[in-house]
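Here the structure comes first, spelled out in C-alpha cells, and everything after it is commentary.
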Amino acid sequence: MANDYREMWKKLGLDLEAHDRLLQALPPTYGEVYLNQENRPAAMEYFDFVVAEIHGQRIQELQEHKARGGKVIGTFCVFVPEEIVRAAGGICIGLCSGIEMGAGLVEKVLPGSICPLIKSFMGFKLTRVCPYFESCDLVVGETTCDGKKKVFEILSDYVPVHVMEVPQMKRDKDAALWHSEVQDFLARTEELTGQKVTAESLRRAVREVNEKRRALLRLAGLRKNNPAPISGKDSLLIEQIAMYDDVERFTAKVHELCAELEARVAQKKGVKSKDALRIIVTGTPLAIPNWKVMHLIESNDAVVVAEELCTGLRYFKNLVPEEGESTAEITASIAKRYLQTNCACFTPNPGRAEDLVTLAKEYMADGIIHCSLVFCDPYLIEAGRIEKVLEGHGIPLLKIETDYGQGDAGQLKTRIDAFLEMLKEKRKASRP
Ligand code: BJ8
C-alpha cells in the first residue's frame, strides 16, 4: 500500500498481526487472477488501484467522514436501501465476507455446518481484521435466510445491529410490511446520524445511486456484444467494488471504462476471440475476494458475460423512480424497488428463473453455471427449479456447490471443463 496506514488501523482497534497476514494473502491471488489477463482495458487501472488500497485510501476517507461527525453503516444484503443512508448524510458500506476468516474463533460461537459467507463476516468481527467493519457505527442485518437472521443476534453482542424484516413472500401484505420496515430504517438512520431526511436529500440520494446503477447497466449492456469487450472477472470486480467505493467517483470511473469499451466494440476487439463460449453465472453472491469460480471458467476459452447475482445484475438492474414529491412518496418507491429483487429466500421466486431465460437470450449465452455456497439451503434447493425451467427452454445448466477454500478447485475445474466441452460440441452440432 502506497501510504503507511498502520496508525489509522491501530486507532481502529485492528489486530495488526492478523491484519498483516490477511493483506499478505491477497496480492499474489490478485496478480494471478487479475493482472495476468490478456487484453485488459486500460481503464481497469483505477479498479486495480482500489484493490491495492483496499484497507488504505477508502478507510481514510471513512475516518475523515467520521471526524466530521458522519456515520458509517455496514450491510450484508442488497435489500438494505443505501439511498436512505446517503440521504441522512451517512456512508453505506457493503461488508465483503468473501474469504474464510478466524475459523477457530467462529466455531466457538457458531456451528460448523453453516454457510461460509456467514462464518466469514462473524470471523472478520471476531478477529478484528476488517477496517470497514471496525469503522461501522451500525450494522444492518436482515431476515433473509435462517442462518443470517440468527447470527445477527450473536453479532449484536459485538456491534450495534439493526435488523430489517425482509418478508418471505411478495403479496400485498408482505409489501406493506416491507414498506413499514423501510420507514423504520429511515427513522433509525436519522436517529443515528442526527440528520433529518428531507424530500430533497432523499431525491438527490436516489438520483446519485441511480446514476451508479446506470453506469453499471451501461457496462452490462456492452457485454452483450460478441466478442465481449471485458472479462467476467473484471466485471465482477467492479460490481464488488460498487458496494463500498465513493458513489460519485465510482460512477465516473465506470463511465470512463465504458467509453473505452465502446471503442473496443466499434473495432470488434474483445477480451477473447468471438468464438469463446459465453457463460452466465447465477447463484449466491460472490463477495470480494471470492473469484475462484469465475477464474476457473475464464481459464478456458470462455467468457462470463453476465452475473445474475447480488454482486451483479440483481444489485443494479432496477432503478428507483426519481419523481416523488414527498419523503413518504419517495420512501414508498424505494420500498417497491427493493422488493423486486429476486432472492431465493422468497417463496415462490419465479422471477429469477424468468430473468435467466431472458438474460440467456439477450447475452447470447451458451450456458449457465449455478454456483451456490455450501449449506445455503435457499439457493441449493432453488437450483432444481431453475434447472427445470431452463431445460424447458433448451438452456444448458451446470450446478456447482463450493466454499471459500481452494481444496475443491481441481474437482470444480474438471466439472467446469467438461461442461464447456459439452457446450462446444453443442455449438458445432447446431452449425448448418
Ligand atoms: S438478496 S442472496 S445478498 S440474502 S449464501 S447468507 S442466503 S445461506 S447472501 Fe443474499 Fe440478500 Fe438474498 Fe442477495 Fe444465507 Fe445463502 Fe449464505 Fe446468503
Side-chain angles (χ1 to χ4, degrees), residues 74-82 92-101 106 110-125 139-155 161-170 174 178 181-182 185 213 236 239-240 242-244 281-288 290 292-293 307-318 334-335 337-349 351-353 355-356 370-383 385-386 399-404:
T75 67
F76 299 102
C77 177
V78 298
F79 262 89
V80 181
E82 56 188 285
C92 186
I93 294 289
L95 294 167
C96 59
S97 330
I99 190 171
E100 186 182 307
M101 187 54 56
V106 172
L110 297 181
S113 53
I114 60 167
C115 154
L117 192 148
I118 296 174
K119 281 191 196 161
S120 171
F121 72 69
M122 267 319 285
F124 272 110
K125 189 66 212 170
V139 164
V140 187
E142 15 53 56
T143 58
T144 44
C145 65
D146 287 352
K148 267 191 181 176
K149 75 180 164 221
K150 294 307 288 178
V151 166
F152 290 126
E153 289 173 30
I154 298 171
L155 189 63
V161 176
H162 173 86
V163 178
M164 296 183 81
E165 182 168 356
V166 175
Q168 310 285 286
M169 296 175 84
K170 293 186 181 177
D174 303 306
W178 173 241
E181 284 297 300
V182 173
F185 177 58
R213 295 200 166 105
L236 174 66
E239 290 155 349
Q240 291 169 332
M243 306 285 171
Y244 66 90
V281 171
T282 183
T284 47
L286 294 174
I288 196 167
N290 180 9
K292 179 170 69 177
V293 169
E307 297 77 41
E308 194 284 316
L309 302 173
C310 287
T311 46
L313 281 156
R314 263 183 249 144
Y315 172 64
F316 56 81
K317 80 175 179 113
N318 300 313
I334 290 174
R337 179 263 171 215
Y338 277 79
L339 202 57
Q340 289 165 11
T341 310
N342 293 323
C343 171
C345 293
F346 285 88
T347 183
N349 187 36
R352 187 167 155 237
D355 280 354
L356 283 166
H370 189 292
C371 174
S372 176
L373 286 168
V374 288
F375 304 118
C376 174
D377 291 346
Y379 280 89
L380 287 168
I381 296 171
E382 192 164 280
R385 174 71 51 183
I386 299 278
K399 292 185 288 182
I400 56 180
E401 190 178 338
T402 183
D403 58 16
Y404 289 160

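Both counts, for ligands and for their atoms, begin at 1 and track the order of listing.
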Note to self: By the definition side chain to side chain contact (heavy atoms under 4.5 Å, CB included), identify the one residue from N342, T347, N349, T282 that meets it with E382.
What the structure shows: N349

Next item on the list: Among V80, V163, I334, find the residue that satisfies the side chain to side chain contact (heavy atoms under 4.5 Å, CB included) test when tested with F185.
Entry: V80

Proximity to ligand 1 by part of [X], non-hydrogen separation under 4.0 Å:
{"X": "C115", "value": "side chain"}
{"X": "S372", "value": "neither"}
{"X": "C310", "value": "side chain"}

Check: Should the heavy atoms of other residues, nucleotides or ligands under 6.0 Å from CD of E100 be counted, would the total exceed 12?
Finding: no

Next item on the list: Check whether more than 12 heavy atoms from other residues, nucleotides or ligands sit under 6.0 Å from atom CZ of R385, and answer yes or no.
Entry: no

Mark up the atoms of ligand 1 that fall under 4.0 Å of a heavy atom belonging to [X], in ascending order.
{"X": "F79", "value": "1 (S)"}
{"X": "Y379", "value": "2 (S)"}
{"X": "C77", "value": "1 (S), 3 (S), 4 (S), 11 (Fe)"}
{"X": "I118", "value": "6 (S)"}
{"X": "T284", "value": "5 (S)"}
{"X": "C343", "value": "1 (S), 2 (S), 4 (S), 12 (Fe)"}
{"X": "T144", "value": "4 (S)"}

Checklist line | Heteroatom test (N, O or S) for C145 near atom 15 (Fe) of ligand 1, limit 2.8 Å | finding: no

Notebook entry, point to check: Mind checking whether V139 and K125 have side chains closer than 4.5 Å, heavy atoms only?
Noted result: no

Notebook entry, point to check: Should K292 and C371 count as side-chain neighbours, where that means a heavy-atom distance under 4.5 Å?
Noted result: no

Item checked: Nearest protein heavy atom with distance in Å, relative to atom 10 (Fe) of ligand 1 -> K148 NZ, 3.8 Å

Item checked: Nearest protein heavy atom with distance in Å, relative to atom 15 (Fe) of ligand 1 -> C376 SG, 2.3 Å

Notebook entry, point to check: When the aromatic ring centroids of F346 and F79 are compared, is their separation below 6.0 Å?
Noted result: yes

Note to self: Whether the side chain of R213 engages the backbone of K317 through a donor-acceptor N/O pair (distance < 3.5 Å, no angle test) should be reported.
What the structure shows: no

Check: Hey, does G147 sit under 4.0 Å from ligand 1 if you only count heavy atoms?
Finding: no

Notebook entry, point to check: Would K148 and E142 pass as an ion pair if we require N to O under 4.0 Å?
Noted result: yes

